[in-house]
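Scroll down for the structure; my scribbles are underneath it.
All values derive from a computational prediction rather than experimental measurement. In each ligand, atom 1 is the first atom listed, and ligand 1 is the first ligand listed.
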Amino acid sequence: IGGAGAAETLVVLKGEYLNKAKISDGGKKLRKNWASTWVVLETDKLLFYKESKQEALTNLKPGCSPDGVDLCGAVVEWTTERSSRKNVVQITTSSGSEFLLQADNYPTICKWHDAIKSTADNLSKG
Ligand code: I3P
């Protein structure tokens, strides 16, 4: 592809609202708090925004970087054990943080699971 700079990333999946809960941070367990989150998948990371309109606003502000997770070395898997909800995907980062993503609509969450998993797997092959 040959981009302008090494830092260039591309959007793999356009933003969509999913339910998100961070359940551990660097190996430390956190109190689960599900929140509707605008999620965007890029070639090397998953970005989280409170609302869709924040995506464009954050990108306009120099020095302002969104909340997100580095997918290099991340493990992406379906889980039925970490939540009573259906359709839950667990993402465990290389730094030991754990996130859950969920949507009631199965095709929606499947699409995100498959895309995040293949992105992470490709990066890890590196
Ligand atoms: C949690 C809340 C979460 C639930 C979690 C509860 O209680 O009900 O929705 O997760 O279950 O602990 P609180 O609001 O008092 O923190 P799920 O919806 O994913 O089941 P858990 O402790 O089994 O993770």
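Within the 4.5 Å cutoff, the side chain of V40 has no heavy atoms near those of the L13 side chain.
Looking only at protein heavy atoms, the nearest one to atom 11 (O) of ligand 1 is K32 NZ, 3.9 Å. Closest to atom 20 (O) of ligand 1, if we only count protein heavy atoms, is S84 OG, 2.6 Å. For atom 14 (O) of ligand 1, the closest non-hydrogen atom on the protein side is R31 NH2, 3.9 Å.
Remark: ligand 1 atoms within the under-4.0 Å shell around heavy atoms of R85 are 18 (O).
Distances from atom 18 (O) of ligand 1 to the protein include at least one heavy-atom value under 4.0 Å. Distances from atom 8 (O) of ligand 1 to the protein include no heavy-atom value under 4.0 Å.
Salt bridge absent: E98 and K29 never bring a charged side-chain N and a carboxylate O closer than 4.0 Å. A salt bridge between K111 and E16 is present, with a side-chain N of the basic residue lying under 4.0 Å from a carboxylate O of the acidic one.
A cation-pi contact links K20 to F48, judged by a cut-off of 6.0 Å to the six-membered ring centre and 45° from its axis.
Enclosure of atom NZ in K32 by more than 12 non-hydrogen atoms of other residues, nucleotides or ligands within 6.0 angstrom is indicated.
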